[in-house]
2 protein chains.
Amino acid sequence: MSAPTTACCAPIAREPLAEAEAAELAVLLKAVADPVRLRLLSMIGSHAGGEACVCDLTDAFELTAPTISHHLKVLRTAGLIDCERRGTWVYYWIVPAVVNRLGALFAPLAEPAPASGGPVDIELTTV
Amino acid sequence: MSAPTTACCAPIAREPLAEAEAAELAVLLKAVADPVRLRLLSMIGSHAGGEACVCDLTDAFELTAPTISHHLKVLRTAGLIDCERRGTWVYYWIVPAVVNRLGALFAPLAEPAPASGGPVDIELTTV
DNA sequence: GCACTACTTAGACAAGCTTCGAAACACGAG
DNA sequence: CTCGTGTTTCGAAGCTTGTCTAAGTAGTGC
């Protein structure tokens, strides 16, 4: 059905990443490559109104407040979330554009090569 | 494992990730959260036939062979790639199903929160 | 002003990661 | 069998990261 010619596939599988671009993306990926930060991002994104107070987040973990604050800072430095102080509390929300960048990297990978135990069938796509 | 019948919103922003799931995904993300491994994955995926020999990969970096081998092992342990020895050379290829899991996590994140509540009040003061 | 709560910053420590050189393993050629 | 090439494993050095305690900043209320 589909030609294994990676014509419409994820950027990552279409052409080799440039060194600089890989470094830039790695920073973004490092930010989410942690169970706590992954859950934080998820909690913020799925919270009512699209934003969450730090106190809500802290209660969900068995970690100290400074540790949560540190993880939030990592996410914010990477650009994945942003925050604002509103009175006593600080609220965080997701920056969709940056998160989408990660999705675009891996998302449109074509259906798996059914050849289990072997690489993509290298049958010549008749051109 | 679940079929990627994701409707519209990214799982990560739809409901809070469970602790176990976050840990599992973090392992996958840690594997790709490195410039070298990101480029390796990209080079393997975009190589002719969908597979690449280690010698091809080693030449593209200013790193020693053991280092490249180490990174390939990390990717393979995570399940992102698989390999096979064919005579003298070892060939690697991407496992699309696992890569797709990452894409499904972030990909379909909708555009910024609509007016139905949310941090919309704040003006776009991008810092 | 003073006390209290919410959150962040600073400093320190253990654990893990990236990289290397040296050595071991796997295979084909002679 | 022995040699040479391709690839992985082993052991170690240097840097980064996750977590904590202690202290600092920002706001509310008496």
Side-chain angles (χ1 to χ4, degrees), chain A residues 17 19 22-44 47 51-93 119, chain B residues 17 19 22-41 43-44 47 51-78 80-93 119 122 127:
Chain A
L17 274 173
E19 194 170 345
E24 194 183 341
L25 286 166
V27 171
L28 223 55
L29 285 164
K30 262 194 225 294
V32 294
D34 180 280
V36 174
R37 291 198 288 270
L38 215 43
R39 287 176 65 200
L40 281 172
L41 201 64
S42 176
M43 288 170 127
I44 294 171
H47 209 268
E51 63 180 8
C53 170
V54 176
C55 52
D56 295 331
L57 303 171
T58 304
D59 290 348
F61 295 86
E62 291 183 351
L63 296 169
T64 63
T67 300
I68 298 297
S69 189
H70 161 72
H71 285 304
L72 288 171
K73 186 177 185 178
V74 172
L75 288 171
R76 194 160 61 87
T77 301
L80 287 157
I81 59 176
D82 203 351
C83 70
E84 185 190 47
R85 175 166 221 125
R86 224 171 288 157
T88 306
W89 296 278
V90 177
Y91 292 88
Y92 281 83
W93 60 87
Chain B
L17 275 173
E19 193 170 343
E24 194 183 340
L25 286 166
V27 171
L28 223 54
L29 285 165
K30 262 194 224 294
V32 294
D34 180 280
V36 175
R37 290 199 288 270
L38 215 43
R39 287 176 66 200
L40 281 172
L41 201 63
M43 287 170 125
I44 294 171
H47 208 269
E51 62 180 10
C53 169
V54 175
C55 52
D56 296 329
L57 303 172
T58 305
D59 290 348
F61 295 86
E62 291 183 350
L63 296 169
T64 63
T67 299
I68 299 296
S69 188
H70 161 73
H71 285 302
L72 287 171
K73 186 177 184 178
V74 172
L75 287 171
R76 195 161 59 87
T77 301
L80 286 157
I81 59 177
D82 203 353
C83 70
E84 184 189 48
R85 175 163 222 125
R86 222 170 290 155
T88 305
W89 296 277
V90 177
Y91 292 87
Y92 281 83
W93 60 87
I122 39 121
V127 187

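Note that the coordinates shown come from a computational prediction; the quantities given were computed from them, not determined experimentally.
Among the heavy atoms of the strands, none lies under 4.0 Å from A:Phe61.
Atom CG of B:Leu57 and atom P of D:dG6 are 14 Å apart (whole Å). Look at CZ on A:Arg85: it is 5 Å from C1' on D:dA26, rounded to the nearest Å. The nearest whole Å value for the distance from the OH atom in A:Tyr91 to the P atom in C:dA6 is 12 Å. What separates CZ of A:Arg39 from P of D:dG18 is a distance of 16 Å, to the nearest Å. We find that CG of A:Leu72 is positioned 13 Å from P of D:dG18, with the value rounded to whole Å. Whole-Å rounding puts the B:Trp89 CH2 to C:dC25 P distance at 22 Å. Taking atom CZ of residue A:Arg86 and atom P of nucleotide C:dC7, one finds them 12 Å apart after rounding to whole Å.
At least one donor-acceptor pair under 3.5 Å links the side chain of A:Arg37 to the backbone N or O of A:Ala31.
Within the 4.5 Å cutoff, side-chain heavy atoms of A:Tyr92 are placed close to those of A:Arg76.
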Would A:Leu72 and A:Leu57 satisfy side chain to side chain contact (heavy atoms under 4.5 Å, CB included), going step by step from the backbone distance to the final call?
-> CA-CA 10 Å; A:Leu72 288 171; A:Leu57 303 171; 4.1 Å; yes
Between B:His47 and B:Trp93, does a side chain to side chain contact (heavy atoms under 4.5 Å, CB included) hold up when you go through it step by step?
-> CA-CA 9 Å; B:His47 208 269; B:Trp93 60 87; over 6 Å; no
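For B:Lys73, no side-chain nitrogen or oxygen approaches OP1 or OP2 of D:dT8 to under 4.0 Å. In this model, the phosphate group of C:dA6 is not approached by any side-chain N or O of A:Thr88 to a distance below 4.0 Å at OP1 or OP2. In this model, the phosphate group of C:dT8 is approached by a side-chain N or O of A:Tyr92 to a distance below 4.0 Å at OP1 or OP2.
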Quick tally for nucleotides 11-23 of chain C: nucleotides whose base has a protein heavy atom under 4.0 Å get B, sugar-phosphate-only ones S, the rest -, giving -------SBBBB-
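To the nearest 0.5 Å, atoms CD1 (A:Ile44) and CG (A:Asp82) are separated by 10.5 Å.
Contact detail for A:Leu28 and A:Leu80: the closest heavy-atom pair is O-CD1, 4.2 Å.
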